[in-house]
Each structure stands twice: as structure tokens, then as C-alpha cells.
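Worksheet: one structure, shown below.
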Number of protein chains: 2
Amino acid sequence: MEMTLNLEVRKQRRVSARPDEGSGSSAGQELLTQLRLDIVNNLFAPEAKLKFADLTKRYGLGIGTLREALSHLVSEGFVTLDSGRGFRVAPVSEADLIEITEHYVDFEKRALADAIRHGDDEWEAGIVASYHRLNIIHELPWEERMLRHSEWVERHREFHEALVAACEARWLLRLRSLMYYQSERYRFLSKMSRNKNGSRKAIEHRAIVEATLARDTDKATRLLERHIRETAETVLANFEKRSKAS
Amino acid sequence: MEMTLNLEVRKQRRVSARPDEGSGSSAGQELLTQLRLDIVNNLFAPEAKLKFADLTKRYGLGIGTLREALSHLVSEGFVTLDSGRGFRVAPVSEADLIEITEHYVDFEKRALADAIRHGDDEWEAGIVASYHRLNIIHELPWEERMLRHSEWVERHREFHEALVAACEARWLLRLRSLMYYQSERYRFLSKMSRNKNGSRKAIEHRAIVEATLARDTDKATRLLERHIRETAETVLANFEKRSKAS
DNA sequence: CAGGCGCTGACTTTCGAAAAAACATGCACT
DNA sequence: AGTGCATGTTTTTTCGAAAGTCAGCGCCTG
């Protein structure tokens with residue numbers, strides 16, 4: 001039972017001018033991104049009800065705008081809507097995680113192969129740059145790394161996006177992106193146990209970058225697949241622990 | 001310059017009570033379905049601007065509701081939104097058609113295989129029933145078949161949905177459904193040349209049903225794949241003709 | 001005591017007015 | 001003629017009030 005001491009997080013509208021804020025300009029677009037992020041980061045529990053009264057306070061936006069974003073997220077599968085009784089955060093399940101991982105691995109491998117086929121210098125530069133940005137956080141002492149976790153998440157996503165950026169199959173990219181966010185939602189669950197894996201991940205990333213820049217499709221996709229599957233298995237293990245506890 | 005004699009198409013709100021209207025109950029859900037249908041059936045040209053002034057008149061619903069549905073369709077890929085300058089119908093292209101077909105074939109085959117693995121009696125009954133419903137229209141004289149074309153489209157979709165209904169992989173179904181609607185959008189372009197193919201399609205459908213009910217996964221998926229690829233190629237041919245004309 | 005009826009409060013859904021932004025048009029000035 | 005500014009028009013975006021819906025509770029009745 002939670003009191004009404006909901007401090008309003010961002011009341012001032014985009015006041016004067018910021019050239020571009022985040023990805024899209026309009027408030028609705030920002031909201032969409034933010035809301036997706038907040039769900040992915042489990043700020044709302046799965047199956048939690050998303051009441052407009054709360055949301056308007058939390059995001060400082062009107063009901064209509066909220067509704068629009070929620071509707072978008074419904075078709076991305078982050079939110080469910082049963083008519084007449086509002087929106088809820090989509091549920092999670094072991095079976096879902098397994099299936100999502102399977103699709104994600106498949107899409108990501110194909111997209112990477114296509115990117116390697118078509119990538120140009122700019123693409124390579126993008127990979128190196130985003131890898132570097134990611135690594136800066138990776139090499140931080142543990143405490144600070146935890147503090148800037150959300151930044152790590154963002155850079156990790158950008159890194160993987162950079163890898164496949166040169167893929168010319170637009171729908172493949174789209175589907176990949178969908179599944180990426182979905183698995184990110186589960187990945188959060190293993191935040192705690194990433195201690196010992198932290199440095200291994202860094203090594204894996206480097207290996208993937210090297211194979212990719214060498215245009216070794218086979219090796220790159222193989223490494224990428226293992227990279228993804230490993231994290232998924234960690235999450236799965238946590239999941240089982242969790243459901244045993246209940 | 002158009003006078004204000006715009007007869008309102010559906011002013012009376014769902015007056016008293018219809019147990020369920022269409023698929024979802026709330027006006028917004030209906031609108032979503034209708035709008036998707038209208039785009040798939042090329043009632044709006046690709047890249048056409050979707051102005052709220054027009055849409056509110058056409059569908060008799062408020063701006064907010066429209067916006068919500070449009071936002072949903074954006075993430076399904078039927079509509080694009082660039083911030084500040086509104087919604088447009090998503091463009092079409094040969095490359096898109098090819099890619100969509102590839103994904104669709106892949107998903108549909110896997111879903112069918114899974115359905116065959118898990119399907120029960122109810123599933124079989126559903127297939128037979130929807131096949132029958134589809135066939136009733138198929139056997140109509142040509143003129144009436146044309147008149148009831150939108151009904152044919154609906155039954156055709158229901159038939160293919162029935163085939164994969166027993167598939168237990170929820171995301172696979174979801175992705176399949178997405179791609180189904182996308183390819184339907186292109187399929188419309190070959191409406192004219194379906195004359196000679198009409199009866200062949202019927203035969204193909206029957207063969208698919210038989211192989212499926214016999215649980216012959218290999219045969220069923222092979223037939224299904226050819227079925228899909230054939231229509232796609234017809235569309236592609238029309239597409240080339242069309243772009244040569246311009 | 002079970003079942004029906006209607007009231008109540010919480011929440012959702014729908015709407016269109018009002019503010020903001022983009023676009024078009026014309027005018028002035030170089 | 002071309003460029004830049006000012007003005008008016010169209011279209012989008014945002015908002016919250018009003019209507020509608022649902023679930024739970026108490027009350028009445030058979």
C-alpha cells in the first residue's frame with residue numbers, strides 16, 4: 001500500500017530549446033522511449049497494472065499522450081491491453097525467454113552476416129567507436145560501474161546495433177530490434193550475478209569485433225551466438241532459482 | 001473546396017448493447033482493425049498523408065482515438081510517423097515485398113510444423129471448418145465472388161490462421177501474423193490476375209489441408225511454401241509491369 | 001442464507017478545444 | 001531575380017473534462 005508521496009519527476013516541459021532530445025523530438029516520442037526503457041529495466045513489475053493516475057504524475061504528461069505510447073508498446077509486446085480494464089505490463093515466463101532467445105539469436109546472426117557482406121568504412125568506424133564507449137564503462141571499478149548501470153545498458157545496445165547497422169534487410173533489422181528489447185527485459189534479472197562474468201563479456205565483445213572487422217562471417221556469428229546464449233542461460237538459471245523460491 | 005455536406009458515416013455510438021462487435025469491444029479496437037484492413041486493402045495509397053481532419057470524418061471518431069490506433073500501426077509497420085509532420089501510409093517497394101515473403105514463408109512453415117506436432121481434435125475441426133467456409137466463396141460464380149472479395153480475404157486469413165492455431169510458440173505466431181498482414185498488403189496488387197489461378201488455389205488449399213491432417217509435416221510445409229511463393233511471384237511480376245509503366 | 005439489485009467509487013475511454021509547430025504566401029529590400 | 005522576414009493558414013500535438021464501464025459492497029427478499 002503506497003502513500004501518495006509521489007514526487008513529480010519531471011514537471012517542467014522542454015522549456016526553451018534543446019536541438020534534439022533523445023531520439024524523437026516530440027514529447028510523445030520521448031515518452032515512448034522512456035516508457036519502454038522503464039519496462040525493460042523492470043521499474044514496473046511484470047503484470048503490474050499501469051494506471052493513468054500514476055503515470056500522468058510520474059511522467060508529467062496527459063492521459064491521451066500516455067495512451068498513445070502504451071498502444072504502441074502493446075504491439076511491441078511489452079504491454080497488454082484488455083478492453084475495459086486498462087493496460088498491464090506484459091507477463092514474463094521461462095518459455096517466453098527461451099523462445100525470444102531463439103528468435104533473437106537467429107535474427108542477430110543473419111543480420112550480422114548481412115552487415116559483414118555490405119558494410120563500408122563508416123560501419124567499421126561505428127563499431128570501433130561504440131565498442132570503445134562500452135569498454136570505458138567496462139574498465140571502471142566495480143562500484144562506479146554499478147552506479148552507471150543504465151548507461152552501460154544503453155551503450156551495450158548501441159554496440160550491438162552498430163554491429164548490424166550495415167545490414168540492408170530492413171525487416172530483419174526491425175525484427176532483431178524487437179527481440180533485442182525483449183531479451184533485454186529478461187537480461188536485467190541477472191544483473192546481480194554478472195560479477196564474475198563481467199570481464200569475460202568484455203573479452204567476448206573484443207573477439208566479436210575482431211572477427212567482424214576481419215569479415216570472418218562464420219567466426220563472428222559463432223562467437224555472437226555463444227555470447228547471446230551464455231547470458232540467456234545465466235538468466236534462465238536465475239529464473240529457476242526464483243521460481244523455486246516462491 | 002468542399003461544402004459541409006459531409007454525411008456522418010457512423011454517428012450513433014454503439015447504442016445499447018451488442019455482446020461483441022467484431023474482435024475487440026471498445027471503439028478504439030474496432031478502429032485499429034478497420035484501419036489496418038483499409039491500409040492492407042490499399043484504400044489509402046502508399047505514402048499518402050493521413051490527416052486527422054479527414055480521418056475523423058471518415059471514421060466518426062475523435063482525434064485522440066485515431067492517434068492511438070495510428071501509433072499502434074506505426075509499430076506494426078503499416079504507418080510511418082515523422083515527428084511534427086504527421087502520419088503517412090508506409091511506402092511499398094519490391095525489395096520489401098521480397099524480404100517480407102522470405103520471412104513469412106519461414107515463419108509460416110515453422111508454425112505449421114509446430115502446430116502439426118501439438119494439434120488436437122479441436123484444431124483439426126477448426127481447419128476443416130475454415131477451409132469449408134473459404135471454399136463456399138471459392139465455388140461461387142465469378143461475378144459474385146468479386147463482389148464478396150473482402151469476405152474472401154477475411155476467410156482466407158482465417159483459414160491460414162486455423163492451420164497454425166495449435167502452434168504453441170507464441171512469439172512465432174505473433175511474428176507470423178505480422179508478416180501475414182504485410183504480405184496481404186502486397187497481395188492486393190494481384191487481385192486482377194487471379195482469374196486463371198483461382199481454381200488452382202483451391203486445389204492447393206485442399207492439398208495442404210490433407211497433408212496437414214495426415215500429420216505429414218514435410219509434405220504440408222513444402223506445399224504451403226510453394227503456395228505462398230507462387231502468389232508472391234505473381235505479385236512481383238505485376239510490380240515490375242507497374243514500375244515499367246511509370 | 002443464497003441470490004439478485006442497485007449504489008458507489010475507482011478507473012478507463014473518448015472527445016475536441018487550445019497551444020504549438022510547420023507550411024505557404026506575399027512583401028520588402030539587396 | 002533572389003533572399004530573408006512577416007503574416008496567415010493548415011495541421012499536428014497535447015491536455016484534461018465528461019461519459020462510460022467495471023467490481024465490490026450492502027441491502028433487501030424469497
Inset, instruction - Looking only at side-chain atoms of S83(A), point me to the closest of dT11(D), dT13(C), dT12(C). - result: dT13(C)
Legend entry - Closest to side chain of L81(B), choosing from dT14(C), dT13(D), dC11(C): dT13(D)
Inset, instruction - Output yes when at least one side-chain N/O atom of T65(B) is less than 4.0 Å from OP1 or OP2 of dC15(C), else no. - result: yes
Legend entry - Gap between atoms CG and C1', on L66(A) and dT14(D) respectively (whole Å): 12 Å
Legend entry - Of the listed nucleotides dT12(C), dT14(C), dT12(D), the one nearest the side chain of F52(B): dT12(D)
Inset, instruction - Mind checking the NE2-CZ spacing from H156(A) to R133(A)? Nearest 0.5 Å is all I need. - result: 14.0 Å
Legend entry - Rounded distance (Å) that lies between atom C1' of dC15(D) and atom NZ of K57(A): 17 Å
Legend entry - Between P of dC11(C) and CG of D82(A), the distance in whole Å: 16 Å
Inset, instruction - Starting from C1' on dT14(D), measure out to CD1 on I63(A) and report it in whole angstrom. - result: 12 Å
Inset, instruction - Take the protein atom CD of E68(A) and the nucleotide atom C1' of dT14(D), then report the distance between them rounded to whole Å. - result: 10 Å
Legend entry - F87(A) CZ to dA10(C) P, straight-line distance once rounded to whole Å: 22 Å
Legend entry - Presence of R85(B) side-chain N/O under 4.0 Å of dC23(C) phosphate oxygens OP1/OP2: yes
Inset, instruction - Specify whether Y181(B) and F78(B) have parallel, tilted or perpendicular ring planes, treating 30° as the upper limit for parallel and 60° as the lower limit for perpendicular. - result: perpendicular
Inset, instruction - Taking only the side-chain heavy atoms of K51(A) (C-beta and beyond), determine which of dT12(C), dT14(C), dC15(D) contains the nearest atom. - result: dT12(C)
Inset, instruction - Apply salt bridge (Lys or Arg N to Asp or Glu O under 4.0 Å) to R110(B) and D106(B), showing your working. - result: CA-CA 6 Å; R110(B) 286 198 270 160; D106(B) 182 37; 3.1 Å; yes
Legend entry - Spacing between L50(B) atom CG and dT12(D) atom P, to the nearest angstrom: 9 Å
Inset, instruction - Identify which nucleotide among dC15(D), dT12(D), dT14(C) has an atom closest to any side-chain atom of R67(A), counting heavy atoms from C-beta outward. - result: dT14(C)
Legend entry - Side chains of R176(B) and H160(B) in contact at under 4.5 Å (non-hydrogen atoms): yes
Inset, instruction - Could you tell me the separation between the CG atom of D54(A) and the P atom of dA10(C), rounded to a whole number of Å? - result: 13 Å
Legend entry - Side-chain (Y186(A)) to main-chain (S93(A)) donor-acceptor, under 3.5 angstrom: yes
Inset, instruction - Report the residue (G64(B) or K49(B)) whose heavy-atom-nearest nucleotide on DNA chain D is the more 5′ of the two. - result: K49(B)
